[in-house]
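On a predicted model such as this, the values are computed, not experimentally measured, just so you know. So you know, we letter chains A, B, ... as the sequences are listed, proteins then strands, and number each from 1.
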Amino acid sequence: MKQIRVRYAPSPTGIPHVGNIRTALFNWLFARHTGGTFIVRIEDTDVARTVPEALEAILESLRWLGIDWDEGPEAGGNAGPYFQSQRLELYNRMSAELVAKGDAYYCHCTPERLEEMRKEQTARKAPPGYDRRCRELGLGPAPNAVIRFKIPLSLKTTFRDLIRGEVTFDNAVLDDFVLLKSDGYPTYHLANVIDDNYMKISHVMRGEEWLSSTPRHLMLYRAFGWSPPEFAHLPIILGTDRSKLSKRHGAVALLDYRAQGYLAEAMTNFLALLGWSLDDKTELFSKEELCRHFTIERVSQTAAIFNKEKLDWMNGVYIRALTTDAFAARALPFLEKGLPPEIVRPLDQSYVKKVLALVQERAKTLAEAASPELSWFFFTDRVDYPAELLIDKKLDKTQTANLLATTTARLDVLPAFDATTLEGMLRPLAEEMGLKAGQLFGALRTAVSGLTATPPLFQMMETLGKHRSITRIREAAAKLEALG
RNA sequence: GCCCCCAUCGUCUAGAGGCCUAGGACAGCGGCCUUUCAAGCCGUCAACAGGGAUUCGAAUUCCCUUGGGGGCACCA
């Protein structure tokens, strides 16, 4: 059995989006499932488009999801270097070798000429592509020359994709693509094939957008005399309008989801299900379970739309599954950041814990834990709401004022202020005042929180504490008074 | 324009000729629970793109059409 070695080979030209990382995840799952090796290789061959912060964003995205790599940046390994910019000598040597063997040639055509040629081709609706002018000229190196691959004319290239089955391309539709650019850097095709070979990659698992360049790669393997790896082209991820995922679809960068308070576990689970499934019912998988069950055979062939509603649901499931302590620890940074600026930091830890225990089962994201609807009123004493909100549909202003006054008096003399004691007092009180429980509780809820939808009243009051609760109810009464 | 890939509920998907009057999940809708909200539970709506062919029998095989997506750079 061949040693399984797979790789994630991102280009540091941007912040990785969910589709990129889903590809990394599938490669990683495959490696972990088979006991193989997962490699990260940085394809930094486009000097002009390289963005400095991309590398760190790539690695951080992987780290966030717990996708660890056996070889690559920071990890090292025997097949390095793992930055293509550090392997230029190899690409230069190998491409020169192809020229010597007659499988590639120097091309002196200027970018201007190529541009013109393409324009002309598009104009007469011909497939764009290099016209092979330099192919048989036997030119040598020159300052602005590139090396092009001499596509074997005639014949077809057929290969078996692990996900799509047999795929055939007519060689005639391929043009003599560039292997080595005039700046001395390799193109993706060249560097990718050389590195996959020397890094002994057994399976190339990548996005479907690479399917049509696979014939080129296969021809390169043949020209070099190497045996190609297996190929598996993953279905791509689309936005809600069925077009390729991009910025206008909202958050696409993986780390945006971290910033929005999604849990890595939920994100991993969700991403795994975008193009892979175990059976007809299982939806929730821990990372270990994913590793145990993942196989390429169960990867789908169909492009998938990123369904944020389902992610939200799943994130909620994972949030509720957390212990209250774990949730508090994870939500705290969001609270520190998301609460209004006038609230004094650092926040009181034990108070935060109590609040978050009430928020946990209601939040779909960690960021929501710091939302005005869920938690602001626990921290600010400026609860702002229209006084009318205090008055139940079937009550009037006077009745509401009475109810607040009576409750305040009873609360004042209550020996304890825990949820059980509060309920034991308030429920009979409602009856005593001839009110339905909900009418009393509703008014108190608004008085204490300024909202009509909150965590359970008694727990909320217990958390707020006696002083704060009573003060707010008094303020509510005053508010009512001011209503005139 | 040319090449390639794909095609089951709105979305993610199960389905590898009879187990399918097509299953699950999210969302939606209705109900239960309940002091509100959330969660939970129960129920409901909802799909095999169309047409041929093969077969006793097709969501499942083949062909065509249509639709969607991807690719066609000195970008990856």
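Nucleotide B:A53 has B:U61 as its partner under the Watson-Crick or G-U criteria, with both atom distances under 3.5 Å. With a 3.5 Å ceiling on both atom-pair distances, the Watson-Crick or G-U wobble partner of B:C2 is B:G71. Across all strands shown, B:A7 pairs with B:U66; the Watson-Crick or G-U wobble distances both stay below 3.5 Å.
RNA chain B is contacted by both A:A126 and A:R427; A:A126 maps to the nucleotide lying nearer its 5′ end (nearest heavy atom per residue).
Counting any heavy atom pair closer than 4.0 Å across all strands shown, A:P235 reaches no nucleic acid atom. A:R113 comes within 4.0 angstrom of no nucleic acid atom, judged by non-hydrogen atoms across all strands. Using a 4.0 Å heavy-atom distance criterion, A:K125 is classed as a sugar-phosphate-only contact. Base contact: A:T454 has a heavy atom under 4.0 Å from a base atom.
Not one N or O on the side chain of A:S277 forms a donor-acceptor pair closer than 3.5 Å with the backbone of A:L273. The backbone N or O of A:T214 lies less than 3.5 Å from no partner atom in the side chain of A:H233, so there is not a single donor-acceptor pair.
Residue A:E283 contributes atom CD, which lies 12 Å from atom C1' of B:U11 at whole-angstrom precision. For A:N269 and B:C26, the CG to C1' distance is 13 Å, given to the nearest whole Å. For the pair A:Y318 OH and B:A38 C1', the computed distance is 20 Å after rounding to whole Å.
The stretch residues 441-453 of chain A touches RNA chain B through A:F441, A:R445, A:T452, A:A453, each having a heavy atom within less than 4.0 Å of the strand.
Ring geometry, A:F149 versus A:F177: the interplanar angle falls from 30° to 60°, so the pair is classed tilted.
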*Could you write nucleotides 71-76 of chain B as a row of B, S and -, 5' to 3', where a protein heavy atom under 4.0 Å of any base atom gives B, of only sugar-phosphate atoms gives S, and otherwise -?*
SBSBBB

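Between A:R320 and B:G40 there is a side-chain polar atom (N or O) within less than 4.0 angstrom of OP1 or OP2.
In this structure, the ring of A:W210 has its center less than 6.0 angstrom from the ring center of A:Y188.
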